There are 2 protein chains.
Amino acid sequence: METGKRRRLTPEQRERQIVEGAIRFFAEVGFEGQTRELAKRLGITQPLLYRYFPSKESLVERVYHEVYIKRWQPHWETLIVDRSRPLQERLVTLYREYTQVIFNYEWVRIFMFSGLKGVNITERYLGIVQEKLFVPVCTEMREVANLPSTDEVPLQPEELELAWDLHGGIYYLAIRKWIYHLPIPDDLSGHIERVVYSFIEGTPATLRRFFADQVRQPGVSGA
Amino acid sequence: METGKRRRLTPEQRERQIVEGAIRFFAEVGFEGQTRELAKRLGITQPLLYRYFPSKESLVERVYHEVYIKRWQPHWETLIVDRSRPLQERLVTLYREYTQVIFNYEWVRIFMFSGLKGVNITERYLGIVQEKLFVPVCTEMREVANLPSTDEVPLQPEELELAWDLHGGIYYLAIRKWIYHLPIPDDLSGHIERVVYSFIEGTPATLRRFFADQVRQPGVSGA
DNA sequence: CACAACGTTAATCAAATGATAAATTACAGC
DNA sequence: GCTGTAATTTATCATTTGATTAACGTTGTG
């Protein structure tokens, strides 16, 4: 019954170990995962968790914080609007860097568990993504497609959806891999290049057709 | 304590009611949802569930069966290869019909819960989707892009990924709505038209570039 | 109107689970 | 090496949860 050695760590080390372990654990089994099982995996006893976190809920909060705060790279926002580089290049760079941050087991699964559970972290996070990434992307796309700037003609929801679509197609790769357990291409970088290329090639025509229809039947969807 | 009326149903009606309720219930809270809570929502007592299903597990099995079997429309497979209609039209029709089947609360959430839990239903289902839908789509795309048929040059994984990307972009709408609780456009039909249009417009160029690169550096990713 | 058949329920069990309190032991500083 | 502090564990509690049992009611039939 005795588990051999009893290792005594500094509170900082132990807390770190618990948080890291909790991230992996909750990412795997969800937040219904039991504290006893978590403790077992950490090689400690269950009550010890309660010495470091007053409740399971507070530990979960900590996990959220650890996974989703501090990972956002503000320079993405400036990267998109840097017109000294072609938009395609900017988008490829952006998505290469972005996937480097979020394409991992913990990020993807915890985000999905949170969404299913109704934790508002998903809504808040994606609100930021839309504001800081998709809106600028659409603004730049207007330029590439030789369409009026967003100052002249305000951004339409339908345009934003095309950015969501690009994003969704890429993120779906992560879902396939870490949630559905399906194989995805090794060459993520090349894939990003191709879907961005398709986006750049296909979107201008779509936008021009959309705005042409708009003129013909103005506000048919809005009013 | 007495719950007023006690309704007496035929076994068929009662079973039907339990299954329908279980689908809604598990879609909402996941499979960790408790039998007592389910019974409460159905307005029955918990042991009654066990008169109809020997265990919670068997009820869950029944839910899977109910949601994912019988919904696949075989005519989708013939629709894609019908060259009497433009590919764009076929794809728009396909995705309009497909989303009509799977764009709903129960389908999307139960599928996601299953994936997270590691139930192999997701892998099996998406295997079918790839075989029956994406492969034909890619084959047809070769035709549209004026590229050699798949008889001459076998289908490349990279091409398949472009079909996955189209699919992922669309399915991501469902994830946004029923998992992340975010608003999505009312006009799903119009959106599908636009992303398919972008796909048709953008993909040929991407494919031609891909195959050109292939010739230049043959098998750089495969071997 | 009696009664059999069966749908329905209250009561309850055993195991699991989040949380607490008290006992134990590793380790730093003298 | 002591020794005191605090890190860690053992033991335990109160609920919750899947599952079972036996009693209770309702309904249709002769």
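A quick note: this is a predicted structure, and the numbers were derived from the prediction, not measured. Below, read A as the first sequence line, B as the second, and so on, with proteins coming before strands; counting in each chain starts at 1.
- Considering only residues two or more places apart in sequence or on other chains, E28(B) meets the salt bridge (Lys or Arg N to Asp or Glu O under 4.0 Å) condition with R41(B).
- Taking atom CZ on R14(A) and atom C1' on dT9(D), their separation rounds to 11 Å, with Å as the unit.
- Residues that satisfy the side chain to side chain contact (heavy atoms under 4.5 Å, CB included) test with E140(B), not counting sequence neighbours, are I80(B), V81(B), R83(B), L87(B), R90(B).
- In terms of modelled atom types and a separation under 3.5 Å, the side chain of N120(B) and the main chain of E123(B) share no donor-acceptor contact.
- Taking 4.0 angstrom as the limit, R51(A) places none of its side-chain polar atoms (N or O) nearer than this to OP1 or OP2 of dA6(D).
- With rounding to whole Å, Q13(A) atom CD is found 13 Å from dC27(C) atom C1'.
- Rounded to whole Å, atom C1' of dT9(D) lies 15 Å from atom CG of L42(A).
- Ion pairing of E32(B) with K117(B) is absent here, as no side-chain N (NZ or NE/NH1/NH2) approaches a carboxylate O to less than 4.0 Å.
- Using cut-offs of 30° and 60° for the angle between ring planes, the W107(A) and Y171(A) rings count as perpendicular.
- Rounded to an integer number of Å, the gap from CG of L9(A) to P of dA26(C) is 13 Å.
- Within residues 30-41 of chain B, the residues approached by DNA chain D to less than 4.0 Å at the level of any non-hydrogen atom are G33(B), Q34(B), T35(B), R36(B), in residue-number order.
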Using a 3.5 Å cut-off and no angle test, enumerate the donor-acceptor pairs between side-chain atoms of residues 130-137 of chain A and protein atoms at least two apart in sequence or in another chain.
| residue | atom | partner | partner atom | Å |
| --- | --- | --- | --- | --- |
| Q130(A) | OE1 | W164(A) | NE1 | 2.7 |

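- Residue Y52(B) places at least one side-chain N or O under 4.0 Å from the OP1 or OP2 atom of dT8(C).
- Here the OG1-CZ distance, from T122(A) to R124(A), works out to 9.0 Å after rounding to the nearest 0.5 Å.
- In terms of heavy atoms, L49(B) sits closest to T35(B) at CD1-O, 3.5 Å.
- Note: CD (Q46(A)) to P (dC13(D)) measures 15 Å, nearest angstrom.
- In this structure, I18(B) atom CD1 and dG7(C) atom P are separated by 11 Å, rounded to whole Å.
- Phosphate proximity of dA21(C) to Y50(A): absent, as no side-chain N or O sits under 4.0 Å from OP1 or OP2.
- Ring planes of F111(A) and Y180(B): perpendicular class, angle over 60° (limits at 30 and 60°).
- A cation-pi geometry, defined here as NZ or CZ lying under 6.0 Å from the six-membered ring centre and within 45° of its normal, does not hold between R62(A) and F53(A).
- Here the C1' atom of nucleotide dA11(C) and the CG atom of L48(B) are 16 Å apart, to the nearest Å.
- Contact check for I170(B) versus Y98(B): no side-chain heavy atoms found under the 4.5 Å cut-off.
- W72(B) and W76(B) have perpendicular rings, their planes meeting at more than 60° on a 0 to 90° scale where under 30° would count as parallel.
- Residues from residues 55-65 of chain B with heavy atoms under 4.0 angstrom of DNA chain D, sorted by number: S55(B), K56(B).
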Taking N or O atoms only and anything under 3.5 Å, show me the protein contacts with nucleotides 28-30 of chain C, one pair per line.
none

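- Among the heavy atoms of the strands, none lies under 4.0 Å from F53(B).
- One interatomic measurement links the two molecules: CG of L49(B) to P of dG7(C), which rounds to 15 Å at whole-angstrom precision.
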